[in-house]
Protein chains: 2
Amino acid sequence: MEEVLQKPNINTTPIELMPDFRFAQSVDCVIFGYDGGEIKVLLIESDLPAYKGQWSLLGDVLHPDEDLDHASYRVLQERTGLSNMFLEQVKTFSAVNRHPAGRVITTAYLALVNVKDYQLQRQEHSLHWHSVSEITTMAFDHKLILDTCLLALKKKIQEEPIIFNLLDKKFSLRQLQQVFEAVLGIEFDRRNFRKKLFTTGMLKDEHEMETDVHHRPGKLYSFNPAAYEKIKGNSFVGLQF
Amino acid sequence: MEEVLQKPNINTTPIELMPDFRFAQSVDCVIFGYDGGEIKVLLIESDLPAYKGQWSLLGDVLHPDEDLDHASYRVLQERTGLSNMFLEQVKTFSAVNRHPAGRVITTAYLALVNVKDYQLQRQEHSLHWHSVSEITTMAFDHKLILDTCLLALKKKIQEEPIIFNLLDKKFSLRQLQQVFEAVLGIEFDRRNFRKKLFTTGMLKDEHEMETDVHHRPGKLYSFNPAAYEKIKGNSFVGLQF
DNA sequence: ACAAAAGTGTTGCTGGTACACCCATGT
DNA sequence: ACATGGGTGTACCAGCAACACTTTTGT
């Protein structure tokens with residue numbers, strides 16, 4: 001502790017004394033979708049010799065003239081053709097030996113897309129949707145990143161109305177409930193689920209019915225962001241330890 | 001979209017094609033303390049010409065042989081002499097022009113320390129505690145980082161029992177309540193607060209009383225992590241939109 | 001005696017949970 | 001007719017919010 005005053009500090013050290021700029025920075029996107037009653041993630045087969053044949057997240061290096069949000073959005077657009085998807089930074093991973101090419105720091109982004117929208121685009125043959133529950137190993141530290149983002153997703157859908165990004169604009173209450181159940185791995189009582197969702201005021205009745213369904217069709221709803229804006233931030237109290 | 005197949009991907013591109021390693025990576029620690037009924041943050045005066053005289057977070061560049069958690073812990077140890085403080089990654093900031101020395105990506109860490117422990121250490125004369133509410137401008141994008149970490153703190157103390165890191169090992173219920181109130185900026189009913197905290201089972205009665213207090217002394221308690229382990233993860237249900 | 005904060009219970013309200021029956025549609 | 005899921009209401013319970021008086025200590 002005696003040398004405390006001599007330690008360099010990036011915020012107080014003149015430019016000419018700054019250490020070398022020797023790190024690479026990348027983004028990796030954990031792109032979740034919902035299909036066939038399961039949560040899926042979009043992966044690509046790694047071509048790196050060290051991880052030949054293993055699955056990897058979609059990522060890219062950061063360009064010199066863009067920030068991380070921009071880079072992750074660019075990756076999503078280039079790979080899926082989608083725009084305006086939900087995209088949010090989750091965590092940065094920096095283990096010393098996490099990348100065989102050298103010191104690459106990566107920032108993980110959580111993305112939610114509608115698998116149907118994606119399927120309308122020209123697809124790279126090397127990209128595939130994988131059931132999250134069936135993935136055991138991945139290239140690099142990507143399994144750790146996936147697990148971290150899945151946990152973030154579970155937490156986040158209970159705090160903010162982002163789950164609608166996984167569904168069509170119009171959806172039935174059954175579909176909505178099933179996505180919740182798939183993400184959280186638990187089941188809800190149907191009646192209580194409906195009550196709860198209605199009381200939030202977030203559901204807009206589209207006055208349409210399901211079609212192509214082999215039973216009594218349900219009503220279709222859409223997410224009403226305006227109603228959510230009113231109720232959000234409604235007392236942040238209640239110390240929920 | 002036609003060139004999708006030609007886009008490089010850091011996870012699939014062979015090593016010899018990897019873009020240059022030209023970024024600097026740093027950590028910045030938002031070190032919160034509680035003193036005089038207020039939340040404080042530990043800052044240093046910036047010596048960089050561009051930000052001469054402005055206040056800056058404590059940070060350092062990442063060393064080649066360490067990860068970000070290690071770097072942030074090192075900064076804390078070197079600057080405050082403390083060990084085993086609460087320390088957690090919050091977010092990575094990457095605006096293109098955020099640092100005058102070049103392309104420096106920084107990862108913000110939230111740290112909670114007991115101001116009294118810190119005061120026992122040899123202090124750098126250039127470090128000072130500032131009331132969070134009085135800070136208006138800072139060097140770099142540090143005001144943005146501070147605001148982000150303060151928001152994270154508000155959220156986090158309602159989800160996990162981390163607030164005890166701001167207090168002595170033994171504390172009175174009044175002290176505990178006042179820290180909550182200082183962080184959240186709201187007031188609680190004293191009776192309800194006590195009830196709520198007791199029902200969590202997290203408070204261990206130390207069978208001691210406050211001293212040096214100019215009124216009837218209160219009982220002292222400590223945080224019981226074992227009790228918390230039992231109740232945490234107690235149903236993650238209740239879609240709290 | 002006074003000031004300051006400790007300590008303590010009850011009531012009403014709100015929201016969560018558990019639970020069962022009839023209805024509409026397709027086969 | 002049967003299978004599948006849509007749509008609805010009630011009763012109980014737990015947790016939160018509002019609220020006032022007595023006790024202990026220091027000055």
Side-chain angles (χ1 to χ4, degrees), chain A residues 36-37 157-159 167-168 170-182 184 186-222 230-241, chain B residues 36-37 157-159 167-168 170-182 184 186-222 230-241:
Chain A
I157 61 168
Q158 298 179 70
E159 299 171 342
L167 290 167
D168 293 340
K170 301 177 184 179
F171 49 84
S172 70
L173 275 168
R174 174 178 38 82
Q175 291 170 326
L176 182 58
Q177 179 172 348
Q178 284 174 347
V179 187
F180 268 110
E181 292 177 340
L184 297 175
I186 55 180
E187 297 196 343
F188 295 104
D189 178 87
R190 201 160 47 90
R191 282 165 293 189
N192 294 337
F193 181 83
R194 298 167 76 87
K195 247 181 300 180
K196 173 117 193 198
L197 268 291
F198 284 137
T199 56
T200 65
M202 291 186 311
L203 296 184
K204 181 182 169 200
D205 189 340
E206 290 285 340
H207 300 291
E208 289 179 52
M209 305 297 266
E210 283 180 303
T211 52
D212 301 325
V213 87
H214 288 193
H215 54 268
R216 173 176 173 179
K219 272 179 150 182
L220 294 180
Y221 298 88
S222 64
K230 281 188 201 159
I231 63 164
K232 88 167 172 188
N234 254 1
S235 89
F236 210 6
V237 194
L239 313 174
Q240 47 209 279
F241 291 128
Chain B
I157 61 167
Q158 298 179 69
E159 299 171 343
L167 291 167
D168 293 340
K170 300 176 184 179
F171 50 85
S172 69
L173 275 168
R174 175 178 39 80
Q175 291 170 328
L176 182 58
Q177 179 172 349
Q178 285 174 348
V179 188
F180 268 111
E181 292 177 339
L184 297 176
I186 54 179
E187 297 196 342
F188 295 103
D189 177 88
R190 202 159 47 89
R191 283 166 291 190
N192 294 336
F193 181 83
R194 298 166 77 87
K195 247 178 300 179
K196 172 119 193 197
L197 268 290
F198 284 137
T199 56
T200 65
M202 290 185 311
L203 297 183
K204 181 182 169 198
D205 189 340
E206 290 285 339
H207 300 292
E208 288 180 52
M209 304 297 265
E210 283 181 301
T211 53
D212 303 325
V213 88
H214 288 195
H215 55 266
R216 172 174 174 181
K219 272 179 149 180
L220 293 180
Y221 298 88
S222 63
K230 280 187 202 160
I231 63 165
K232 89 168 170 186
N234 253 0
S235 89
F236 210 7
V237 194
L239 312 175
Q240 47 209 277
F241 290 128

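Order of the sequence lines sets the chain letters (A, B, ...), proteins ahead of strands, with each chain counted from 1.
- The existence of a salt bridge linking A:K219 and A:E208 is excluded, since no basic side-chain nitrogen approaches an acidic carboxylate oxygen closer than 4.0 Å.
- Rounded to an integer number of Å, the gap from A:K219 NZ to C:dT25 C1' is 17 Å.
- With rounding to whole Å, A:Q175 atom CD is found 13 Å from D:dG5 atom P.
- With rounding to whole Å, B:E181 atom CD is found 14 Å from C:dA5 atom C1'.
- Within the nucleic acid shown, B:R174 comes within 4.0 Å of sugar-phosphate atoms alone, with no base atom in reach, counting heavy atoms only.
- Atom CZ in B:F188 sits about 12 Å away from atom P in D:dA18, given to the nearest Å.
- Each of A:P217 and A:D189 was assigned the nucleotide of DNA chain C with the nearest heavy atom; the assignment lying further toward the 5' end belongs to A:D189.
- Nearest nucleotide to the B:R190 side chain, out of D:dT4, D:dA20, C:dC19: D:dA20.
- In this structure the side chain of A:Q158 reaches within 4.5 angstrom of the side chain of A:L184, judged on heavy atoms.
- Residue B:K196 places at least one side-chain N or O closer than 4.0 Å to OP1 or OP2 of D:dC16.
- Aromatic pair A:F193/A:F198: ring centres not closer than 6.0 Å.
- Residue-environment remark: CD (B:E187) stays at or below the threshold of 12 foreign heavy atoms within 6.0 Å.
- The base of C:dA20 is paired with the side chain of A:R191 by a donor and an acceptor separated by under 3.5 Å.
- With a 4.5 Å cut-off on side-chain heavy atoms, B:L176 and B:L203 count as touching.
- For A:H214 and C:dT25, the shortest distance from a side-chain N or O to OP1 or OP2 is not below 4.0 Å.
- Taking only distance into account, the side chain of A:R216 never meets the base of D:dT4 through a donor-acceptor pair shorter than 3.5 Å.
- The CG atom of A:D212 sits 16 Å away from the P atom of D:dG5 (whole-angstrom rounding).
- Comparing D:dG6, C:dG7, C:dA18 by their closest approach to the side chain of A:R194 singles out D:dG6.
- A donor-acceptor contact under 3.5 Å links the side chain of B:K195 to the base of C:dT10.
- Summarising the geometry, the separation between CZ on A:F198 and C1' on D:dT8 is reported as 11 Å, rounded to the nearest angstrom.
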